[in-house]
Amino acid sequence: METVDIAIVGGGPAGLTAALYAARARARTVVLETGLPGGQIVTTDWVENYPGFPEGVSGAHIAELMRAQAEHFGAEFRIFASVESIEPVDLDFKVTNSEGETILAHAVILATGAVPKRLHVPGEAEFTGRGVSWCATCDGALFREKTVAVIGGGDAAVEEALFLTKFAARVYVIHRRDALRATKCIQERCFENDKIVMKWSRVVTEVLGESGKVVGVRLAATDGAPEEILPLDGIFIFVGVEPKSELVANLCELDAAGYVKVDPNGLTSYPGLYAAGDVTAGDLKQVITAAAGGASAAFEALRYIDERTCSIG
Ligand code: NAP
């Protein structure tokens with residue numbers, strides 16, 4: 001079986017930064033990623049709060065730069081195969097992917113990130129890919145001059161609503177309260193945009209479809225107003241994310257919401273297992289915090305491997 005120093009599971013900003021730090025320290029480093037490296041930022045149109053880019057930068061471009069930097073220092077990438085299990089073997093970990101390939105790693109950094117939450121309403125699953133989407137960057141262009149809605153009131157919902165105004169004739173933002181959670185400067189742009197119409201204090205109770213595609217949503221009011229039907233061509237759901245922590249659920253401690261519990265250096269409750277980025281708890285879910293977590297986790301994993309090597313002799 002192939003043996004490496006550090007296996008990094010997940011190739012978003014946390015995993016890519018961990019790979020850069022580990023590879024620069026001359027540790028044999030492998031990044032295992034289900035899709036193209038980059039994680040959620042690959043489908044983020046524009047990132048304007050990552051330092052060093054005064055005008056902002058596309059999410060895909062940051063991801064490409066991060067990957068190139070890690071590769072430049074010798075990190076290896078195994079992409080398009082999902083990790084199926086992480087099993088302790090003595091002091092090491094056996095990491096197995098969906099192709100049945102295994103790697104033995106002295107330390108593992110889990111950087112699997114988070115996935116978008118579902119609304120869990122009738123019609124949502126049935127019309128996914130037929131008007132229901134979780135990715136404005138991927139699907140926005142399909143809705144030129146159409147009417148779409150974004151569900152949610154956080155940074156993701158409002159930023160993606162603004163992005164969708166490049167294509168759609170009208171973009172409703174449907175939010176369950178009467179105030180947005182999104183960062184103030186994004187809110188300001190939203191309120192100034194003529195194409196965006198706010199639907200305050202409304203929740204989607206059903207996605208309506210005809211002939212295999214979305215035709216609208218049923219909305220219930222949280223402020224006592226009557227139920228209504230809103231005709232739509234597309235729905236983009238951004239109601240938060242949940243951690244992808246199932247791989248280590250039996251190995252280390254998770255919090256009540258399923259986030260991996262780590263100390264300030266990224267160590268989980270299991271020796272040699274580290275975690276960083278959106279799979280760990282923390283209010284600030286940003287490229288920069290994920291990158292910082294990846295750097296700390298790599299630094300600690302390297303120290304752990306060095307100490308282990310010294311004590312083994
Ligand atoms: P979020 O900040 O958790 O916001 C989720 C939104 O969805 C909230 O407005 C919430 O309403 C609403 N919501 C939750 N469950 C709902 C349900 N069942 N039905 C209807 N509405 C529901 O999630 P996010 O916007 O995906 O962002 C995730 C993290 O990534 C955040 O930390 C965010 O700051 C970060 N992020 C940052 C940027 C950026 O900095 N440029 C961009 C994207 C994301 P309430 O407000 O009532 O709770």
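Order of listing sets the numbers, starting from 1, for every ligand and every atom in it.
- Inclusion of Leu119 in the set of residues having an N or O under 3.5 Å from an N or O of ligand 1 is not warranted.
- Note on Phe167 and Leu232: separate hydrophobic clusters, where clusters join Ile, Leu, Val, Met, Phe, Trp and Tyr whose side-chain heavy atoms are under 4.5 Å apart, directly or indirectly.
- With respect to Glu206, the side chain to side chain contact (heavy atoms under 4.5 Å, CB included) criterion is satisfied by exactly one of Glu227, Arg218, Glu124: Arg218.
- Atoms of ligand 1 lying under 4.0 Å from at least one heavy atom of Arg177, given by number and element, are 45 (P), 46 (O), 47 (O).
- The protein non-hydrogen atom at the shortest distance from atom 3 (O) of ligand 1 is Gly240 CA, 4.0 Å.
- Relative to atom 33 (C) of ligand 1, the option among Thr222, Val173, Asp155, Leu284 with the closest non-hydrogen atom is Asp155.
- Evaluated by nearest non-hydrogen atom to atom 14 (C) of ligand 1, the leading choice among Val239, Asp283, Ile186, Ile174 is Val239.
- For ligand 1, none of its N or O atoms has an N or O atom of Val203 under 3.5 Å away.
- The main-chain N or O of Glu253 is found under 3.5 Å from a side-chain atom of Ser269 such that the two form a donor-acceptor pair.
- Using a 4.0 Å cut-off between a side-chain N of Lys or Arg and a carboxylate O of Asp or Glu, Arg170 and Asp194 do not qualify as a salt bridge.
- Evaluated by nearest non-hydrogen atom to atom 35 (C) of ligand 1, the leading choice among Arg202, Glu160, Lys285 is Lys285.
- Atoms of ligand 1 found under 4.0 Å from any heavy atom of Asn49 (numbered from 1 in listed order, with element): 39 (C), 40 (O), 41 (N).
- The pair Glu228-Arg202 meets the salt-bridge criterion, with a side-chain N (NZ, NE, NH1 or NH2) lying under 4.0 Å from an Asp/Glu carboxylate O.
- The protein atom (non-hydrogen) at minimum distance from atom 9 (O) of ligand 1 is Gly153 N, 3.0 Å.
- Aromatic ring orientation, Phe238 versus Phe236: parallel (interplanar angle below 30°, classes split at 30° and 60°).
- Remark: minimum distance from atom 37 (C) of ligand 1 to any protein heavy atom is reached at Gln286 NE2, 3.3 Å.
- In this structure, Glu188 does not pair ionically with Lys184, as no charged nitrogen and carboxylate oxygen lie closer than 4.0 Å.
- Residue, atom and distance of the protein heavy atom nearest to atom 8 (C) of ligand 1 are Arg181 NE, 3.7 Å.
- Checked against a 3.5 angstrom limit, the closest N/O atoms of Gly152 and ligand 1 fall outside it.
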Evaluate the side chain to side chain donor-acceptor pair (under 3.5 Å) criterion for residues Glu84 and Asn97: first the C-alpha distance (whole Å), next the side-chain angles of each, then the deciding distance (0.1 Å), finally the verdict.
-> CA-CA 5 Å; Glu84 300 281 295; Asn97 75 10; over 6 Å; no
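- Protein heavy atom at the shortest distance from atom 25 (O) of ligand 1 is Ala156 N, 3.0 Å.
- Asp155 and Thr183 share a side-chain donor-acceptor pair at under 3.5 Å.
- The nearest non-hydrogen atom to atom 16 (C) of ligand 1, considering only Lys117, Gln40, His175, Arg176, comes from Arg176.
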